[in-house]
There are 2 protein chains.
Amino acid sequence: MLDAAEAVFAIRGFDGATIRDIVAESGEPLGTIHHHGGGKEALFQQVVARRAEALSEARLAALARAQAAGDSDLPGVLGAFMRPFFDLSQKDPRWRHYARLVAFVSADDRWRALSARFFDPTARVFLAEIRALVPGATEQSIAEGFVFSVSAMLALLTSQERIGTLGDGRANEAAQIDHLVHFCAAGLAAGKAR
Amino acid sequence: MLDAAEAVFAIRGFDGATIRDIVAESGEPLGTIHHHGGGKEALFQQVVARRAEALSEARLAALARAQAAGDSDLPGVLGAFMRPFFDLSQKDPRWRHYARLVAFVSADDRWRALSARFFDPTARVFLAEIRALVPGATEQSIAEGFVFSVSAMLALLTSQERIGTLGDGRANEAAQIDHLVHFCAAGLAAGKAR
DNA sequence: CCTTATTTCGAACATATGTTCAACTTAAAC
DNA sequence: GTTTAAGTTGAACATATGTTCGAAATAAGG
């Protein structure tokens with residue numbers, strides 16, 4: 001049921017998705033969604049919440065691993081934040097739906113409270129790491145660079161089609177992720193001198 | 001009428017927006033939208049199309065100015081692409097609504113044909129300029145970096161609230177735009193060595 | 001001033017959609 | 001086996017929404 005909701009919300013967005021689309025996808029009867037109380041909005045929040053903790057844990061574990069391996073430069077820290085999302089997406093395609101969902105949540109102020117609750121705490125941990133690696137930059141400047149980086153990450157997860165159209169179509173996911181990490185690391189490092 | 005539609009679509013998205021919301025905002029009667037034919041979807045496309053040409057022209061003019069001034073390095077070219085959007089937004093707040101709209105169009109594959117028609121041609125001009133400035137990178141890598149940059153630009157236009165929450169709230173728009181341009185220039189330049 | 005054409009308007013329509021709830025099924029308790 | 005409780009199901013409801021269309025208002029022509 002949550003899988004079906006995740007898939008439909010990811011493709012159509014919250015307003016575009018229909019309770020009937022979701023139950024048709026899941027095969028379950030119409031009433032089930034409201035039987036647990038809360039209706040459509042509660043279902044959406046459950047779907048967002050379901051994988052949020054696992055994602056945060058994967059990111060923090062990757063950060064700990066990177067630090068233990070002495071790989072705590074900017075690409076190492078950024079990679080710890082970004083790579084788990086792609087690793088999970090490759091193992092389980094439902095994580096790719098979740099990625100689109102996170103893009104929706106990040107883009108719409110209506111869900112600001114959701115992203116503040118589920119994503120901001122981990123973001124602050126990484127923000128602190130990055131701050132230590134870019135000593136000259138202001139707090140504000142680090143936050144801006146982090147938001148730029150997150151949006152680039154979500155663009156890579158959601159805009160494969162446009163990248164293919166503008167490029168030559170020779171996409172290699174591992175190379176794309178390396179590119180993303182180094183792109184953002186270079187961008188953040190450029191904040192040092194400013 | 002188009003102003004009202006622009007504002008409502010920008011806040012609620014296509015599915016969230018209602019014909020009745022739009023006509024209430026505009027003060028005009030309910031029938032006007034369908035009288036010109038096409039209904040809601042045609043209205044959305046008109047709203048996207050209305051400012052697309054002006055935006056492209058402003059970007060290409062800024063590129064020509066930068067080249068004439070000998071300012072055709074990566075920050076100069078990227079600035080020519082990005083700064084007109086912010087300049088227009090500061091002069092006319094309706095351009096800020098348009099910016100949110102462009103973010104919606106960019107994020108949803110449903111409107112891929114729209115962005116291909118109105119934004120891709122200009123994008124290719126800048127892509128060619130960037131390619132000449134990052135000689136070592138592949139076509140694909142340039143396209144990826146460009147999409148990262150565009151998404152960062154749209155994030156700056158649409159995610160002021162999250163930037164403020166994660167940072168210290170001391171936002172200065174001119175400094176943010178400079179940061180954006182240098183962030184993306186550094187990220188693109190990092191593609192040279194790869 | 002009357003007639004005809006054109007535009008403007010919003011009530012009405014058909015459909016879609018979130019939600020409810022009474023009938024039905026299944027399981028548990030005694 | 002009977003009764004009671006709990007869970008399941010989808011038809012029905014109220015509302016919302018995109019669209020239509022005939023009437024009213026306005027303009028044009030003679």
Side-chain angles (χ1 to χ4, degrees), chain A residues 1-50 94 97-98 100-105 107-115 117-118, chain B residues 1-50 94 97-98 100-105 107-115 117-118:
Chain A
M1 174 83 251
L2 289 175
D3 287 342
E6 186 173 60
V8 175
F9 281 137
I11 292 166
R12 304 254 228 262
F14 181 78
D15 291 313
T18 295
I19 297 283
R20 284 171 177 79
D21 286 342
I22 295 170
V23 297
E25 176 80 17
S26 76
E28 286 183 57
L30 181 57
T32 30
I33 284 180
H34 298 88
H35 196 256
H36 302 296
K40 188 183 181 184
E41 189 160 330
L43 179 65
F44 184 81
Q45 296 187 15
Q46 278 174 46
V47 170
V48 173
R50 178 169 63 144
R94 294 175 306 177
H97 293 151
Y98 189 69
R100 292 196 64 87
L101 207 68
V102 171
F104 273 114
V105 170
D108 197 338
D109 274 343
R110 174 190 203 168
W111 309 116
R112 191 72 260 285
L114 270 186
S115 71
R117 174 158 172 224
F118 291 115
Chain B
M1 175 84 253
L2 289 175
D3 286 343
E6 186 174 59
V8 174
F9 280 137
I11 293 166
R12 306 254 228 263
F14 180 79
D15 291 314
T18 294
I19 298 282
R20 285 172 177 78
D21 285 342
I22 295 170
V23 298
E25 177 80 16
S26 77
E28 285 182 56
L30 180 56
T32 32
I33 284 181
H34 298 88
H35 195 256
H36 302 296
K40 188 184 181 184
E41 191 160 326
L43 179 64
F44 184 80
Q45 296 187 15
Q46 279 176 45
V47 170
V48 173
R50 178 170 63 144
R94 293 175 306 176
H97 293 151
Y98 189 69
R100 292 194 65 87
L101 208 67
V102 171
F104 274 114
V105 171
D108 197 337
D109 274 342
R110 175 189 203 167
W111 309 116
R112 190 71 259 286
L114 270 185
S115 71
R117 172 156 174 225
F118 292 115

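Worth saying up front: this structure is predicted, and the values here are computed from it rather than measured. Reminder, nothing fancy here: chain letters follow the sequence lines and each chain counts from 1. Only this structure's heavy atoms are used, side chains among them; waters, hydrogens and symmetry mates stay out.
Within the model, atoms CZ of A:R50 and OH of A:Y98 stand 9.0 Å from one another, a figure rounded to the nearest 0.5 Å.
If you take CZ of A:R20 and C1' of D:dC13, they are 11 Å apart, rounded to a whole angstrom. With rounding to whole Å, A:D15 atom CG is found 13 Å from D:dT17 atom C1'. As a whole-Å value, the separation of B:I19 CD1 from C:dT15 C1' is 15 Å. Computed from coordinates, the B:L30 CG to D:dG22 P distance equals 17 Å when rounded to whole Å. The distance between atom NZ of B:K40 and atom P of D:dT19, rounded to the nearest whole Å, is 8 Å. The separation between A:I33 atom CD1 and C:dT20 atom P is 13 Å, rounded to whole Å. In this structure, A:H36 atom NE2 and C:dT19 atom C1' are separated by 15 Å, rounded to whole Å. Atom-to-atom, NE2 of A:H34 to C1' of D:dT9 comes out at 14 Å; the value is rounded to the nearest Å.
In this structure, the helix from C:dC1-D:dG30 to C:dC30-D:dG1 shows an angle of 10° between the axis at its start and the axis at its end, each fitted on 5 base pairs and rounded to 10°.
Closest approach of A:V8 and A:A17 over heavy atoms only: CG1-CB, 3.7 Å.
Between B:I22 and B:M1, some side-chain heavy-atom pair lies under the 4.5 Å cut-off. A 4.5 Å side-chain heavy-atom check between A:L43 and A:L2 finds at least one atom pair inside the cut-off.
Heavy-atom nearest nucleotides on DNA chain C were determined for A:H35 and for A:G16, and the one closer to the 5' end corresponds to A:G16.
Within the 3.5 Å criterion, the main-chain N or O of B:F14 finds a donor-acceptor partner in the side chain of B:K40. A donor-acceptor contact shorter than 3.5 Å links the side chain of B:S26 to the backbone of B:E28.
Across all strands, A:G31 comes closer than 4.0 Å to base atoms (heavy-atom distances).
No salt bridge links B:D108 with A:R12; every basic N to acidic carboxylate O contact stays at or beyond 4.0 Å.
Minimum atom distance to the side chain of B:P29 is reached by C:dG10, of the listed C:dT17, D:dT9, C:dG10.
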